[in-house]
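Every heavy atom of this structure was used, including side-chain atoms; hydrogens, water molecules and symmetry mates were not.
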Amino acid sequence: MKVAVIVFPGSNCDMDMYHAAKEIVGAEAILVWYTDTHLLEDVDGILIPGGFSYGDYLRCGAMAANSDIMSKIKEHAEKGKPVLGVCNGFQILTEAGLLPGALMRNKNLSFMCHYEELVVEDNESAFTTLYEEKEIVRFPIAHGEGNYFCDEETLKELRANNQIAFTYKNNPNGSVADIAGIRNKAGNVLGMMPHPERAVEVLLGSEDGLRLFQSMIANWRSGNAVNA
């Protein structure tokens, strides 16, 4: 499986994502600068890392969401290929309209950086099939604007379509309905504030993020009839 890690000006988790995808789970990973749109022609999945794209000017993720490469990413998503956005990547996906809602300042208006326990609410997406439903996992967070918000009608739709992928056990940032991550209706686009790429090795303090990447590869192999 060939995956692209998108790098915007201000991305700072791109190498963490690249390391997780290539060195830990064995995908063919490439780093793609946001202007190199042609490099996405033959990739099977897209990973949008955390950071501060364009310095978080205007709103977090707003400028990146309007860059040329997003039209290519939307094409991939429409074809059913997996697209993962973590932290700033989640903000970009909501700003681009690939996922509903928005990310606001944390309820205490402070940057947070620590581990949090999450509940796996949905294990039917391209990224969560190797988890058990309601399983408790431990991922690090590192954000100042991770307070997920959506209106009541959108929340009803998220619940009705099983689009809430992860919730916080102790909701550190004030997110509506304790939401830590959501997916699109088809299950191939996932956005989340916690960092699975920083939880793939024992030395990092948790391996709970490993199965997220392994789920992506396993589902791709299943869809492409690739053995082993």
Review point. Checking Asp44 side chain against Met1 main chain: does a donor-acceptor pair fall under 3.5 Å?
Key: no
Review point. Given the rule that I, L, V, M, F, W and Y join up when any side-chain heavy atoms are under 4.5 Å apart, are Ile164 and Met104 in one cluster?
Key: no
Review point. So, Arg59 and Glu95, do they make that salt bridge, N to O below 4.0 Å?
Key: yes
Check your understanding: Do the non-hydrogen side-chain atoms of Leu93 and Leu84 ever get within less than 4.5 Å of each other?
Key -> no
Practice item. Check the pair Met192, Ile182 against side-chain contact (heavy atoms from CB on, under 4.5 Å), reporting the backbone distance first and the verdict last. Key: CA-CA 6 Å; Met192 58 189 301; Ile182 59 172; over 6 Å; no
Practice item. Output yes when Asp16 and Arg198 qualify as a salt bridge under the 4.0 Å nitrogen-oxygen rule, no when they do not. Key: yes
Practice item. For Asn147 and Leu103, run side-chain contact (heavy atoms from CB on, under 4.5 Å): C-alpha distance rounded to whole Å, both residues' side-chain angles, the deciding distance at 0.1 Å, then the answer. Key: CA-CA 5 Å; Asn147 182 353; Leu103 282 307; over 6 Å; no
Check your understanding: Is any side-chain heavy atom of Ile141 less than 4.5 Å from a side-chain heavy atom of Met193?
Key -> no
Review point. Do Glu197 and Val86 have side chains that get closer than 4.5 Å, going by heavy atoms?
Key: yes
Practice item. List for me each residue that meets side-chain hydrogen bond (donor to acceptor under 3.5 Å, both in side chains) alongside Asn219, sequence neighbours excluded, and say none if there are none. Key: Thr129
Practice item. Apply side-chain contact (heavy atoms from CB on, under 4.5 Å) to His19 and Glu201, showing your working. Key: CA-CA 11 Å; His19 174 73; Glu201 297 175 270; 3.1 Å; yes
Review point. Ala65 and Ala96: which non-hydrogen atoms are nearest, and at how many Å?
Key: CB-N, 3.6 Å
Review point. Between Phe90 and Tyr148, is any pair of side-chain heavy atoms under 4.5 Å apart?
Key: yes
Study note, to complete from the structure: Interatomic distance, CD@Glu23 vs CE@Met15, rounded to 0.5 Å, equals 8.5 Å
Practice item. Sequence neighbours left out, what pairs pass ring-ring contact (aromatic ring centres under 6.0 Å, His included) with at least one residue falling in residues 37-65? Key: Tyr34-Tyr54
Point to revise | Heavy-atom donor-acceptor pair, Asn108 side chain to Ser110 backbone, under 3.5 Å | key: yes
Review point. In the single-linkage hydrophobic clustering (I, L, V, M, F, W, Y; side-chain heavy atoms under 4.5 Å), do Leu118 and Tyr115 co-cluster?
Key: yes
Revision key, fill the gap. Taken to the nearest 0.5 Å, the spacing of Lys74 NZ from Ile69 CD1 works out to 13.0 Å
Point to revise | No-hydrogen, no-angle side-chain donor-acceptor test under 3.5 Å, His114 and Glu116 | key: yes
**Study point:** Test item: Pro100 and Thr154 side chains (from C-beta on) under 4.5 Å apart, heavy atoms
**Key:** yes
Review point. Ignoring hydrogens and geometry, is there a side-chain-to-backbone donor-acceptor pair from Asn66 to Ala62 under 3.5 Å?
Key: yes
Review point. Is it the case that one hydrophobic cluster holds both Val137 and Ile24, taking links as side-chain heavy atoms less than 4.5 Å apart, direct or via other members?
Key: yes
Revision key, fill the gap. Rounding to 0.5 Å, atoms CD1 (Ile179) and CG (Asn171) come to a distance of 9.5 Å
Check your understanding: Do Thr128 and Ser125 have side-chain heavy atoms sitting under 4.5 Å apart?
Key -> yes
**Study point:** side-chain hydrogen bond (donor to acceptor under 3.5 Å, both in side chains) partners of Asn188, counting only residues at least two apart
**Key:** Asn184
Practice item. May I ask whether Val120 and Ile136 are part of the same hydrophobic cluster, defined by side-chain heavy atoms of I, L, V, M, F, W, Y residues being less than 4.5 angstrom apart, directly or through others? Key: no
Practice item. Work out which heavy atom in Val200 is nearest to a heavy atom in Pro196; give both atom names and the distance. Key: CG1-O, 3.3 Å
Check your understanding: Could you walk me through whether Ile48 and Ile73 pass the side-chain contact (heavy atoms from CB on, under 4.5 Å) check?
Key -> CA-CA 10 Å; Ile48 308 176; Ile73 293 173; 4.1 Å; yes
Exercise for review: Measure the shortest side-chain to side-chain distance between Leu40 and Ile46 over non-hydrogen atoms and say whether it is less than 4.5 angstrom.
Suggested key: yes
Exercise for review: Write down the atom of Phe139, the atom of Pro194, and the distance for their closest heavy-atom approach.
Suggested key: CB-CB, 3.8 Å
Review point. Below 4.5 Å, heavy atoms only, C-beta onward: do Met216 and Leu47 meet side chain to side chain?
Key: yes
Study note, to complete from the structure: In terms of heavy-atom contacts, Phe127 and Pro82 come closest through CZ-CB, 3.5 Å
Practice item. Could you check Asp208 against Tyr131 for side chain to side chain donor-acceptor pair (under 3.5 Å), going step by step and ending with a plain yes or no? Key: CA-CA 9 Å; Asp208 288 346; Tyr131 294 99; over 6 Å; no
**Study point:** Inter-residue atom distance Cys150.SG - Leu155.CG, 0.5 Å rounding
**Key:** 4.5 Å
Point to revise | Exceeds 12 heavy-atom contacts within 6.0 angstrom, atom NZ of Lys185 | key: no
**Study point:** Glu41 and Lys72 ion-paired at < 4.0 Å
**Key:** yes
Check your understanding: Between atom NZ of Lys107 and atom OG of Ser175, what is the distance when rounded to the nearest 0.5 Å?
Key -> 9.5 Å
Point to revise | Neighbour count >12 (heavy atoms, 6.0 Å) for atom CG, Asp42 | key: yes
Check your understanding: Just by distance, do the side chain of Ser53 and the backbone of Ser11 share a donor-acceptor pair under 3.5 Å?
Key -> no
Check your understanding: Can you get from Val7 to Leu39 by hopping between Ile, Leu, Val, Met, Phe, Trp and Tyr side chains that sit under 4.5 Å apart?
Key -> yes
**Study point:** Partner of Glu121 under side chain to side chain contact (heavy atoms under 4.5 Å, CB included), chosen from Glu135, Glu133, Lys134, Arg159
**Key:** Lys134
Exercise for review: Provide the closest heavy-atom pair for Ala29 versus Lys22 in the form atom of the first, atom of the second, distance.
Suggested key: CB-CB, 3.8 Å
Point to revise | Partner set under side-chain hydrogen bond (donor to acceptor under 3.5 Å, both in side chains) for Asp122, not counting sequence neighbours | key: Arg183
Point to revise | Candidate pair Glu78 and His76, rule side chain to side chain donor-acceptor pair (under 3.5 Å), full reasoning | key: CA-CA 5 Å; Glu78 290 169 359; His76 276 64; over 6 Å; no
Check your understanding: How would you list, by chain and number, every residue that makes a ring-ring contact (aromatic ring centres under 6.0 Å, His included) with Tyr18, sequence neighbours excluded?
Key -> none
Practice item. Could I get the full list of side-chain hydrogen bond (donor to acceptor under 3.5 Å, both in side chains) partners for Thr94, not counting sequence neighbours? Key: none
Exercise for review: To the nearest 0.5 angstrom, please state how far the CG atom of Asn106 sits from the CZ atom of Phe111.
Suggested key: 8.5 Å
Practice item. Determine the minimum heavy-atom distance between Ala199 and Pro140, stating which atoms define it. Key: CB-CD, 4.0 Å
